[in-house]
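Here is the structure we will look at.
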Amino acid sequence: MDWLLQSQMLLQRLASRAGLAPVTLMLLPACLRRCARLLYWIPVTIIIVVVMWSYYAYVVHFCWILLTCATQRVVFLCLFHVCFGMFSWSFWKAVSTPPSSPSLEFQLSSSDSLLFEQERGGMEKSQILLEISQKLPVHTRTATGAIRFCHHCQLIKPDRCHHCSVCQMCVLKMDHHCPWLNNCIGFSNYKFFMLFLLYSFLYCLLIVATVTPTFIQLWLGKLFDSCVKLHVLFLTLVSAMFAVTLCFLLLFHIWLLASNKTTLEWLSVPFFADGPGSKAFDVGVRANFLQVFGKKKRHWPFPVISSQGDGHSFPLRWQMSSHSPSLINGNGHCVMEGTMVSLEGVSVTIAVDD
């Protein structure tokens, strides 16, 4: 969003030199924001156009014109429309489902916010955040051991929550901001995103598998209809290209799902009071999968809400073995992966997002 701010400042300087009214200067940032929102929908529009063209090319030019066997035509059309329907459903849910933001209990109250802004010393501010965070299920810290606080949203960040500069909000279990969906991928829609990748890959794979024999005939020059030939050739090449790309992306997110990591946590290891913990949220492949897709198997293939939890807190690796007496000693210390963590007297500093 830096380019947007720079553009606003540049236009304001040009408008002031041109002698425009103050009201006009106030309207310029709003116009820029609206234009930016329209630009963000260009990748989504590209996907819709490509998919609609692929539907037309497959159904009309391939199935109805080239295929001569009625049984083969019916089978291909049925399989295609199942994939197309599931892809469209998951795509719509991934685009239209808004990212979840932290609840009000993580936001500073008006009195705490006023007191926090009035304090100039770092120790006083850290004490305010420390007192509030002790009442919340917050375990993650910054790399310096600071309590994670978002200055824009005026809230203490829950575990795995990050501020999105595009959406201008804090997103629960934020994975990344996807420009192709014009949406933040997080707790509320990560399952939809996974299904979108899966059905996109199956959609492209089905097209490649069924059209390739005809593609070979067209390539060898046995079919001569130029219009049909162009549609089928481009359909096969575009589908193959997307299938390869989606395959790698799907495998990557399957690995993230199995290890209970987000893309941001893969890029930057989450920190806790005693240091980094790359496997802190990994509670086993099955439990990791159920966190996203839920326990009801009949809901797994469909883009419906079935994820476990509320997105504010997550089971930790060492908590899953908290019933073992060897993890907690008599001095009130918790042992995690061979390190001793004191539950009391943890020094806390403050970090504020810009």
Side-chain angles (χ1 to χ4, degrees), residues 1-9 11 27-48 89-108 113 136 138 140 142 147-197 200 249 252-253 256-257 261-268 270 281 291-292 303-305 307 309-314 351-354:
M1 297 296 290
D2 293 339
W3 66 270
L4 183 58
L5 296 176
Q6 294 176 359
S7 300
Q8 292 177 2
M9 295 175 60
L11 287 177
L27 292 176
L28 287 176
C31 294
L32 284 174
R33 284 193 295 269
R34 292 178 181 177
C35 293
R37 292 193 188 101
L38 292 177
L39 292 176
Y40 292 150
W41 285 104
I42 292 179
V44 180
T45 305
I46 292 175
I47 291 181
I48 295 175
W89 188 6
S90 58
F91 174 71
W92 167 252
K93 292 292 290 185
V95 171
S96 63
T97 303
S100 298
S101 57
S103 60
L104 294 177
E105 63 177 335
F106 288 87
Q107 292 183 342
L108 297 184
S113 179
L136 301 172
V138 176
T140 54
T142 65
I147 294 176
R148 302 195 313 137
F149 179 75
C150 180
H151 179 72
H152 298 282
C153 303
Q154 287 293 298
L155 57 81
I156 295 177
K157 293 182 181 179
D159 293 346
R160 317 183 81 177
C161 175
H162 297 274
H163 185 87
C164 177
S165 59
V166 179
C167 298
Q168 291 296 307
M169 62 181 293
C170 283
V171 178
L172 294 177
K173 195 188 175 183
M174 180 176 174
D175 187 88
H176 69 287
H177 183 90
C178 182
W180 294 103
L181 299 174
N182 190 26
N183 201 2
C184 253
I185 306 303
F187 173 78
S188 61
N189 55 11
Y190 186 68
K191 177 189 175 183
F192 307 152
F193 176 73
M194 288 291 297
L195 292 177
F196 163 70
L197 293 180
S200 300
L249 187 59
F252 172 68
H253 277 278
L256 290 178
L257 177 65
K261 293 181 180 180
T262 64
T263 302
L264 293 178
E265 291 168 354
W266 171 68
L267 294 172
S268 179
F281 299 105
Q291 281 188 26
V292 176
V304 295
I305 298 175
S307 301
D310 57 2
H312 293 86
S313 60
F314 301 89
V352 179
D353 286 349
D354 295 330

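Note that the structure is a prediction, hence the values are computed from the model and not measured.
When atom types are taken as modelled, the side chain of Ser200 and the backbone of Phe196 share a donor-acceptor pair closer than 3.5 angstrom. Of the possible donor and acceptor atoms, one in the side chain of Asn189 sits under 3.5 Å from a partner among the backbone N and O of Cys184. The main-chain N or O of Cys161 is found under 3.5 Å from a side-chain atom of Arg148 such that the two form a donor-acceptor pair. In this structure a side-chain-to-backbone donor-acceptor pair under 3.5 Å is present from His312 to Ser103. The backbone N or O of Ala94 sits less than 3.5 Å from a side-chain atom of Asn183, completing a donor-acceptor pair.
When the shell of 6.0 Å around CH2 of Trp89 is examined, it contains more than 12 heavy atoms from other residues, nucleotides or ligands. The local environment of CD1 in Ile305 is sparse, with at most 12 non-hydrogen atoms from other residues, nucleotides or ligands closer than 6.0 Å.
Below 30°, between 30° and 60°, or above 60°: for Phe193 and His176 the angle between ring planes is above 60°, a perpendicular geometry. In this structure, His152 and His163 have parallel ring planes: the angle between them is below the 30° cut-off, well short of the 60° mark.
Atoms CE and OG, on Met169 and Ser101 in that order, are 4.0 Å from each other to the nearest 0.5 Å. Note that OH of Tyr190 is 11.0 Å distant from CG of Leu195, once rounded to the nearest 0.5 Å. Going from atom CD1 of Ile156 over to atom CG of Leu108 covers 6.0 Å, rounded to the nearest 0.5 Å. Rounding to the nearest 0.5 Å places CZ of Phe91 at 5.0 Å from CD1 of Ile47. With rounding to the nearest 0.5 Å, the separation of CE in Met194 from CD1 in Ile185 is 11.5 Å. Going from atom SG of Cys150 over to atom CZ of Phe106 covers 13.5 Å, rounded to the nearest 0.5 Å.
You'll find the side chain of Ser188 stays beyond 4.5 Å of the side chain of Leu172, heavy atoms only. The shortest side-chain heavy-atom distance between Ile147 and Val138 does not fall under the 4.5 Å cut-off.
In plain terms, the two heavy atoms of Val171 and Cys164 that are nearest each other are CG2-CB, 4.3 Å.
The list of salt bridge (charged side-chain N to carboxylate O under 4.0 Å, His left out) pairs with a residue in residues 172-196, not counting sequence neighbours, is empty.
With Glu265 as the fixed residue, the side chain to side chain contact (heavy atoms under 4.5 Å, CB included) test singles out one of Thr262, Leu267, Thr263: Thr262.
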Original post:
side-chain contact (heavy atoms from CB on, under 4.5 Å) between Thr140 and Phe281: does it pass, once the steps are laid out?
Top reply: CA-CA 11 Å; Thr140 54; Phe281 299 105; 4.0 Å; yes

**OP:** In sequence, state the C-alpha distance, the side-chain angles, and the governing distance for Trp41 and Ile48, and then conclude on side-chain contact (heavy atoms from CB on, under 4.5 Å).
**Re:** CA-CA 11 Å; Trp41 285 104; Ile48 295 175; over 6 Å; no

Original post:
Does the pair Phe187 and Met174 meet the rule for a side-chain contact (heavy atoms from CB on, under 4.5 Å), with working shown?
Top reply: CA-CA 7 Å; Phe187 173 78; Met174 180 176 174; over 6 Å; no

